[in-house]
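Keep in mind the model is a prediction, meaning the values are calculated, not measured.
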Amino acid sequence: MSEEEMIELIKSNREGILQSDVRKNLGIDSKKCSRLVSKLMKKHQIRREPELAKGRNTFRLYPLVFAGPGEKHKKLLAKGKFSPCTGCTMDCSPETCYLLNEWIYAVIEEES
């Protein structure tokens, strides 16, 4: 049983699948299932939400699928790239940042 098999099972259930059902479908014990779920969550491949099913606490697992930037993100994109300031940790001045200047020129080029 591998991470790939688990993610494929979860992806095949867009409305989500109970973690207990994943465990049963793949024939693995709850400890191994929990470890694999944790790995996939750390890799941002799935998310889980607590749920009460048949009087028992469990989790519903959902695949995480990147659908691309939405309309609200379009202003941050130029030539398909996010603003270099998004998540930047460099200690620089915007007036002299080469990456920011290149990105601004790309924005201007796309608008003209």
Side-chain angles (χ1 to χ4, degrees):
M1 211 320 286
S2 67
E3 290 177 33
E4 292 79 23
E5 291 173 292
M6 181 179 277
I7 192 67
E8 287 307 313
L9 176 61
I10 296 168
K11 282 181 180 180
S12 70
N13 293 277
R14 286 251 183 240
E15 69 287 346
I17 183 171
L18 294 177
Q19 184 168 329
S20 54
D21 290 340
V22 169
R23 182 180 59 75
K24 290 172 191 169
N25 280 319
L26 297 176
I28 57 176
D29 62 41
S30 60
K31 192 173 187 178
K32 182 169 184 164
C33 186
S34 294
R35 282 195 305 262
L36 287 170
V37 165
S38 292
K39 284 182 182 180
L40 293 174
M41 287 174 54
K42 285 179 185 173
K43 293 179 179 181
H44 304 287
Q45 292 182 302
I46 64 170
R47 68 180 171 88
R48 70 179 185 180
E49 294 181 5
E51 185 171 313
L52 187 64
K54 299 178 186 172
R56 300 189 70 144
N57 289 321
T58 186
F59 294 96
R60 184 165 293 274
L61 306 175
Y62 299 91
L64 290 178
V65 180
F66 180 66
E71 281 303 312
K72 64 183 179 180
H73 300 108
K74 297 283 186 191
K75 296 285 185 188
L76 294 173
L77 292 171
K79 291 189 176 179
K81 294 183 181 178
F82 274 108
S83 159
C85 298
T86 306
C88 180
T89 59
M90 295 178 8
D91 187 22
C92 65
S93 168
E95 296 84 19
T96 60
C97 178
Y98 174 78
L99 295 173
L100 180 60
N101 284 320
E102 289 295 310
W103 185 80
I104 290 171
Y105 286 128
V107 170
I108 292 169
E109 187 178 302
E110 281 186 355
E111 290 179 353
S112 51

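Residues passing the side chain to side chain donor-acceptor pair (under 3.5 Å) test with Glu51, sequence neighbours excluded: Arg60. With sequence neighbours left out, the side chain to side chain contact (heavy atoms under 4.5 Å, CB included) criterion links Glu4 to Ser2. Residues forming a side chain to side chain donor-acceptor pair (under 3.5 Å) with Lys11 (at least two apart in sequence, or on another chain): none. With sequence neighbours left out, Arg35 forms a side chain to side chain donor-acceptor pair (under 3.5 Å) with no residue at all. Not counting sequence neighbours, Ser12 has no partner by the side chain to side chain donor-acceptor pair (under 3.5 Å) test.
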Which donor-acceptor pairs under 3.5 Å do the side chains of residues 19-29 make with protein atoms, sequence neighbours left out?
| residue | atom | partner | partner atom | Å |
| --- | --- | --- | --- | --- |
| Asn25 | ND2 | Asp21 | O | 3.1 |
| Asp29 | OD1 | Lys31 | N | 3.2 |
| Asp29 | OD1 | Lys32 | N | 2.7 |

Per-pair distances, 0.1 Å, donor-acceptor, side chain in residues 42-50, under 3.5 Å, sequence neighbours excluded:
| residue | atom | partner | partner atom | Å |
| --- | --- | --- | --- | --- |
| Lys43 | NZ | Glu3 | OE1 | 2.6 |
| Arg47 | NH1 | Glu49 | OE2 | 2.2 |

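The SG atom of Cys97 sits 11.5 Å away from atom CH2 of Trp103, with the distance rounded to the nearest 0.5 Å. Rounded to the nearest 0.5 angstrom, Leu40 CG and Ile10 CD1 are separated by 6.0 Å.
Note on Ile7 and Leu9: same hydrophobic cluster, where clusters join Ile, Leu, Val, Met, Phe, Trp and Tyr whose side-chain heavy atoms are under 4.5 Å apart, directly or indirectly. No chain of hydrophobic side-chain contacts below 4.5 Å, direct or via other Ile, Leu, Val, Met, Phe, Trp or Tyr residues, connects Tyr62 to Met41.
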